[in-house]
Enquirer: 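Mind looking over this structure? Questions follow.
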Amino acid sequence: MNLWEYPRPVYSINQFCQPHCSELAGQSFFFVMDSGYDCRLDITGADTCMWSIAGQEPQEATYECLKGDDTTYLLDYDVRETLGTNNRVNHLYIIDMEQSLVTRLVCTIGCNPKFPNLVKSEVDFGAIKVEGKDLPFKRHCFTTDLLGTRVEWHWSTTMWTRHDYFSTAYYRITWPEDSSAAKNIGEPFLSLPSTDERAFYVKIKENMYLFCLTEELTERLLQGKTLFCSNNMAFLQNYDRMYHVGRTFGTINSNGNLLPCRTLFGAFGNPVSLSPEFLNAENPYTV
């Protein structure tokens with residue numbers, strides 16, 4: 001089949017997504033975390049797991065898993081309703097089997113009384129305890145490696161966006177007129193001073209990075225008037241194979257109804273030249 005004649009064009013950011021990976025089923029992990037809150041993760045089935053923080057009772061969850069390469073996994077699950085709160089919580093792990101390292105991202109919706117859809121993101125670094133081996137001293141870490149990188153990411157046969165990684169705390173996005181992104185997500189940005197959004201970058205290994213953005217400024221300024229309300233997007237980017245895998249966690253506005261959003265995605269990329277006016281424009285959100 002010619003992918004340009006793909007019969008389900010409504011599939012946008014997940015058309016090129018990998019299938020869910022269940023090859024970790026039956027394995028157990030103990031993560032020694034720098035925060036002091038160690039974690040245990042038991043993969044009990046093709047899409048089920050048990051997780052616990054040291055000293056707490058284990059909880060069951062339904063997980064999703066994608067592969068960044070042959071030994072690196074992105075695994076996430078939603079936490080069951082937190083007792084006494086209306087918060088929604090998502091745990092995401094980058095499980096690096098090659099180096100016995102882990103990065104844990106905890107995303108929470110419902111912490112901000114003024115902007116209840118905002119996603120709060122917290123990062124924790126750690127190591128995987130392996131019987132008979134010493135814990136590694138190295139860690140995944142925040143990085144400046146990607147600064148100056150520009151990539152055109154192809155999410156589907158009709159949708160592509162262009163990223164500029166210009167700051168350790170922000171990224172910038174644009175899209176050509178022939179991309180479906182211009183129609184589907186472009187219009188709300190016309191009322192904003194810039195498409196810059198909050199982001200951070202973590203080096204997993206050589207040529208592999210966790211890039212994480214949160215649509216925070218858009219939500220603060222437009223307050224739920226967009227299709228996607230303050231989604232957190234975590235990208236595990238492989239620059240050897242030039243693709244990324246990831247997931248969204250946030251809220252979607254469906255005909256005025258705000259619904260939970262959690263979607264897996266994938267894309268392949270290529271370098272791109274962008275106009276000097278776009279690259280050199282000031283970030284209007286910073287002093």
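Worth knowing before you read on, the calculation uses all heavy atoms, side chains too, and leaves out hydrogens, waters and symmetry mates.
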Enquirer: Show the nearest heavy-atom pair for residues Ala234 and Leu92, with the distance to one decimal.
Expert: CB-CD1, 3.8 Å
Enquirer: Evaluate whether atom CZ of Phe30 has more than 12 neighbouring non-hydrogen atoms of other residues, nucleotides or ligands under 6.0 angstrom away.
Expert: yes
Enquirer: Are His154 and Phe268 near enough that their ring centres are under 6.0 Å apart?
Expert: yes
Enquirer: Residues two or more places apart in sequence or in another chain: which of them pass ring pair (Phe, Tyr, Trp, His ring centres under 6.0 Å) with Phe115?
Expert: none
Enquirer: Kindly assign one of parallel, tilted or perpendicular to the pair Tyr77 and Tyr93, based on the angle between their ring planes and the thresholds 30° and 60°.
Expert: tilted
Enquirer: I'd like to check Phe249 versus Asp76 (side-chain heavy atoms, cut-off strictly below 4.5 Å). Are they in contact?
Expert: no
Enquirer: Roughly how far apart are His91 NE2 and Asp78 CG, rounded to 0.5 Å?
Expert: 9.5 Å
Enquirer: Atom CG of residue position Asp134 - does it have more than 12 heavy atoms of other residues, nucleotides or ligands inside 6.0 Å?
Expert: no
Enquirer: Could you tell me whether Lys205 and Glu98 have a side-chain N and a carboxylate O separated by less than 4.0 Å?
Expert: yes
Enquirer: Tell me whether Asp69 contacts the main-chain N or O of Thr72 through its side chain, where contact means a donor paired with an acceptor under 3.5 Å.
Expert: yes
Enquirer: First locate atom CG of Asp38, then atom OG of Ser52, and finally report the distance between them rounded to the nearest 0.5 Å.
Expert: 10.0 Å
Enquirer: Taking the side chain as everything from C-beta on, heavy atoms only, tell me whether Arg247 gets closer than 4.5 Å to Asn232.
Expert: yes
Enquirer: Is the backbone N or O of Trp160 less than 3.5 Å from a side-chain atom of Glu152, with the two atoms forming a donor-acceptor pair by type?
Expert: no
Enquirer: Any chance you could lay out the side chain to side chain contact (heavy atoms under 4.5 Å, CB included) test for Cys212 and Val202, step after step, and finish with the verdict?
Expert: CA-CA 8 Å; Cys212 191; Val202 174; over 6 Å; no
Enquirer: Is any side-chain heavy atom of Leu236 closer than 4.5 Å to a side-chain heavy atom of Leu66?
Expert: no
Enquirer: How many angstroms lie between atom CZ of Phe125 and atom CG of Leu105, to the nearest 0.5 angstrom?
Expert: 10.0 Å
Enquirer: Step by step, would you call Arg220 with Lys114 a side chain to side chain contact (heavy atoms under 4.5 Å, CB included)?
Expert: CA-CA 9 Å; Arg220 287 181 181 274; Lys114 292 183 179 179; over 6 Å; no
Enquirer: Any chance NZ of Lys67 has more than 12 other-residue heavy atoms, nucleotides or ligands included, within less than 6.0 Å?
Expert: yes
Enquirer: Atom SG in Cys107, atom CD in Glu122: separation rounded to 0.5 Å?
Expert: 9.0 Å
Enquirer: Please report the shortest heavy-atom distance between Thr214 and Ser121, naming the atom on each side.
Expert: OG1-OG, 3.7 Å
Enquirer: Shortest non-hydrogen contact from Leu279 to Arg172?
Expert: O-NH1, 3.4 Å
Enquirer: Taking the inter-plane angle between the rings of Trp155 and Phe235 on a 0 to 90° scale, is it parallel (under 30°), tilted (30 to 60°) or perpendicular (over 60°)?
Expert: perpendicular
Enquirer: What is the minimum heavy-atom distance between Pro136 and Ser100, and which atoms define it?
Expert: CG-O, 3.6 Å
Enquirer: Is a side-chain N or O of Thr143 found less than 3.5 angstrom from the main chain of Tyr201, in a donor-acceptor match?
Expert: no
Enquirer: Using atom types as modelled and distance alone, determine if a side-chain donor or acceptor of Thr158 lies under 3.5 Å from a backbone N or O of Ser180.
Expert: no
Enquirer: When you measure from the side chain of Thr149 to the backbone N and O of Tyr165, does any donor-acceptor pair fall under 3.5 Å?
Expert: no
Enquirer: Is a side-chain N or O of Asn112 found less than 3.5 angstrom from the main chain of Leu118, in a donor-acceptor match?
Expert: no
Enquirer: Report yes if some heavy atom in the side chain of Thr251 is under 4.5 Å from a heavy atom in the side chain of Glu219; otherwise report no.
Expert: no
Enquirer: For Phe16 together with Tyr243, are the ring centres under 6.0 Å from each other?
Expert: no
Enquirer: Check Leu41 against Ile43 and note the closest heavy-atom contact, atom names and distance.
Expert: CG-CD1, 3.8 Å
Enquirer: Under 4.5 Å between any side-chain heavy atoms of Phe265 and His244, yes or no?
Expert: yes
Enquirer: Output the distance between atom CG (Asn207) and atom CG (Asp240), rounded to the nearest 0.5 Å.
Expert: 4.0 Å
Enquirer: Kindly indicate whether the side chain of Tyr63, heavy atoms from C-beta on, has any atom under 4.5 Å from the side chain of His20.
Expert: yes
Enquirer: I want to check something: taking the side chain as every heavy atom from C-beta on, are Val102 and Phe29 in contact at a cut-off of under 4.5 Å?
Expert: no
Enquirer: What is the distance from atom CD of Gln237 to atom CG of Leu210, rounded to the nearest 0.5 Å?
Expert: 8.5 Å
Enquirer: Can you find a pair of side-chain heavy atoms, one from Thr263 and one from Ile252, that are under 4.5 Å apart?
Expert: no
